[in-house]
Amino acid sequence: MKKKLAFIMAAALTVSALLAGCGNSSGTQEAADTEEAAEDTASAGDDTASAADDAAADGAQEAETEAEEPSGEKVVLKCVCDLTPHSEILGAARDALAAEGIELNFVSTTWDATWNDMLIDGEVDFAYFMHVPAMESIEEEMGATLYSMGGIHVEPYTCFSNKYAAKEDLPENAVIAIPNDASNEYRALKVLEAEGYLKLKPEITAANASVNEIEEYLIPIEIVEMDQANIIPSAADFDAYFVNANRALEAGIDTSFYLMREGEDSEYANIITVTEANKDNEYIKTLVKILQSDDVKNFITEHYNGAVIPAK
């Protein structure tokens, strides 16, 4: 009986020990699982923080890239200008203008009287075909206010001949065609005066110039006033004729062969002309700055053999 009781007690102790052992093992496992979960959470937190850091870095890089890139903003300036040399000079400045975000739209390169209206009515942003005396004449004629943004080039007013090689070859009573618009007629008459053919009245101006302002002929000549657009087509009818250098270039005339012309100090620089609406336009100011640059001046000097010269 005692042996049986001892066996039962020993068995009970064994079971108790086993149960205690099972309880300790479960607790240890739970602690390990909890620790592992905490480590996983911490790792996930680290990954999230790393991703956030990467995103922030990417965002900063994109912002820096956007700041370095140009905005891509472009402005298109509409203009009217003579084909030669005006559109060619503007073309020579194309790359420099593009770098400043400026593009040009040549609305017309064949002159007609509507150009003045187009400028004054705001259909174009600027005109590039006139000099200051012509601008002032247009202002007076049309009751408008115009502004010169700067001189770009000079086309010395020139006398050509299809019949004679030199001024000294002109016959007595030579018939000479000159334009009938006051500003260009003034230039032609001033050249004839400088060459000793006539004497002009003191009161002559670029606004009132005509043969009526000739005080005296010093060498007998016959002057024919006519629309400048018709002079070259009818050049064979005259002993000599005056035209703008750009019209001579357009007609394929060799501008190095001439009878007489203005000096290089001519005050008749071709200008960029605008109305009140654009006199403070920063893009047009940039345009003028580029057209007056050394690069464009060199283009003018190299391409026109003295028929066109940079404005001083």
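Numbering of residues begins at 1 and proceeds along the displayed sequence. Computed from a predicted model, the values in this text were never measured in an experiment.
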key: Working for side-chain contact (heavy atoms from CB on, under 4.5 Å), residues Ile271 and Val132   = CA-CA 7 Å; Ile271 59 176; Val132 170; 4.1 Å; yes

ask   = Can you list the other members of the hydrophobic cluster that holds Val76, where links are side-chain heavy atoms under 4.5 angstrom apart?
value = none

message = What I'd like to find out is whether the side chain of Leu198 reaches to under 4.5 Å of the side chain of Ile223, using heavy atoms alone.
response = yes

inquiry  = I'd like to know if Ile152 and Ile309 are part of one continuous hydrophobic network [Ile/Leu/Val/Met/Phe/Trp/Tyr, side-chain heavy atoms within less than 4.5 Å].
reply    = no

task = Taking salt bridge (Lys or Arg N to Asp or Glu O under 4.0 Å) as the test, write out the residues that go with Lys289, two or more places apart.
result = none

query = Under the side-chain contact (heavy atoms from CB on, under 4.5 Å) criterion, do Cys159 and Arg261 qualify, and how do the steps go?
reply = CA-CA 6 Å; Cys159 180; Arg261 73 177 186 182; over 6 Å; no

ask   = How far apart are the closest heavy atoms of Gln292 and Gly151, and which atoms are they?
value = NE2-O, 3.0 Å

message = Under 3.5 Å, is there a donor on one side chain and an acceptor on the other for Tyr147 and Glu276?
response = yes

Distance-only donor-acceptor pairs under 3.5 Å for side chains of residues 118-127, two or more places apart:
residue: Asp125; atom: OD2; partner: Lys78; partner atom: N; Å: 2.7

query = Step by step, would you call Thr301 with Asn298 a side chain to side chain donor-acceptor pair (under 3.5 Å)?
reply = CA-CA 5 Å; Thr301 301; Asn298 290 337; 5.4 Å; no

ask   = With no hydrogens and no angle check, is any side-chain donor or acceptor of Ser293 less than 3.5 Å from a backbone partner on Ile290?
value = yes

Listed pairs under 3.5 Å, donor-acceptor, residues 225-236 side chains, sequence neighbours left out:
residue: Glu225; atom: OE2; partner: Val211; partner atom: N; Å: 3.3
residue: Asp227; atom: OD1; partner: Ala229; partner atom: N; Å: 2.8
residue: Gln228; atom: OE1; partner: Tyr157; partner atom: OH; Å: 2.8
residue: Gln228; atom: OE1; partner: Asn244; partner atom: N; Å: 3.2
residue: Ser234; atom: OG; partner: Asn230; partner atom: O; Å: 2.7
residue: Ser234; atom: OG; partner: Ile231; partner atom: O; Å: 3.4

request  = Give a yes-or-no answer on whether the side chains of Tyr241 and Asn162 include a donor-acceptor pair shorter than 3.5 Å.
outcome  = yes

query = Hydrophobic clusters join Ile, Leu, Val, Met, Phe, Trp and Tyr when side-chain heavy atoms are under 4.5 Å apart, directly or via other members; which others share one with Leu218?
reply = none

Backbone of Asp239 reached by a side-chain donor or acceptor of Ser161 within 3.5 Å = yes

ask   = What closest approach, in Å, do Ile176 and Leu192 show between heavy atoms, and which atom pair accounts for it?
value = CD1-CD2, 4.3 Å

key: Residue list, salt bridge (Lys or Arg N to Asp or Glu O under 4.0 Å) with Glu215, at least two apart or on another chain   = Lys199

For Asn208 against Ala182, the heavy-atom pair lying closest together = N-CB, 4.4 Å

task = Looking only at non-hydrogen atoms, find the nearest pair between Ala240 and Leu259 and report the distance.
result = CB-CD1, 3.8 Å

Side-chain donor or acceptor of Asn278 paired with backbone N/O of Asn281 under 3.5 Å = no

inquiry  = List the residues meeting salt bridge (Lys or Arg N to Asp or Glu O under 4.0 Å) with Lys297, not counting sequence neighbours, and say none if there are none.
reply    = none

Quick one: side chains of residues 134-141, donor-acceptor pairs under 3.5 Å with protein atoms, not counting sequence neighbours, listed by atom name and distance.
residue: Glu139; atom: OE2; partner: Leu146; partner atom: N; Å: 2.7

request  = Could you please spell out the steps behind the side-chain contact (heavy atoms from CB on, under 4.5 Å) verdict for His131 and Asn184?
outcome  = CA-CA 10 Å; His131 43 64; Asn184 283 322; 3.9 Å; yes

query = With no hydrogens and no angle check, is any side-chain donor or acceptor of Glu213 less than 3.5 Å from a backbone partner on Leu200?
reply = no

ask   = What's the verdict on side-chain contact (heavy atoms from CB on, under 4.5 Å) for Ile284 and Val274, showing C-alpha distance, side-chain angles and the deciding distance?
value = CA-CA 9 Å; Ile284 291 180; Val274 301; 3.9 Å; yes

key: Distance flag, aromatic centroids of His153 and Phe299, threshold under 6.0 Å   = no

Other ILVMFWY residues reachable from Phe257 by side-chain steps of under 4.5 Å = none

query = Is a salt bridge present between Arg247 and Glu250, judged by a nitrogen-to-oxygen distance below 4.0 Å?
reply = no

Heavy-atom pair with the smallest gap, counting every atom of Glu262 and Tyr268 = OE2-CD1, 3.7 Å

task = Not counting sequence neighbours, list each pair that qualifies as a side-chain hydrogen bond (donor to acceptor under 3.5 Å, both in side chains) and has a residue in residues 88-102.
result = Thr84-Glu88, Glu88-Tyr304

key: Listed partners of Ser210 passing side chain to side chain donor-acceptor pair (under 3.5 Å), at least two apart   = none

task = For Lys167, enumerate each residue passing the salt bridge (Lys or Arg N to Asp or Glu O under 4.0 Å) test, keeping only those at least two apart in sequence or located in another chain.
result = Glu195

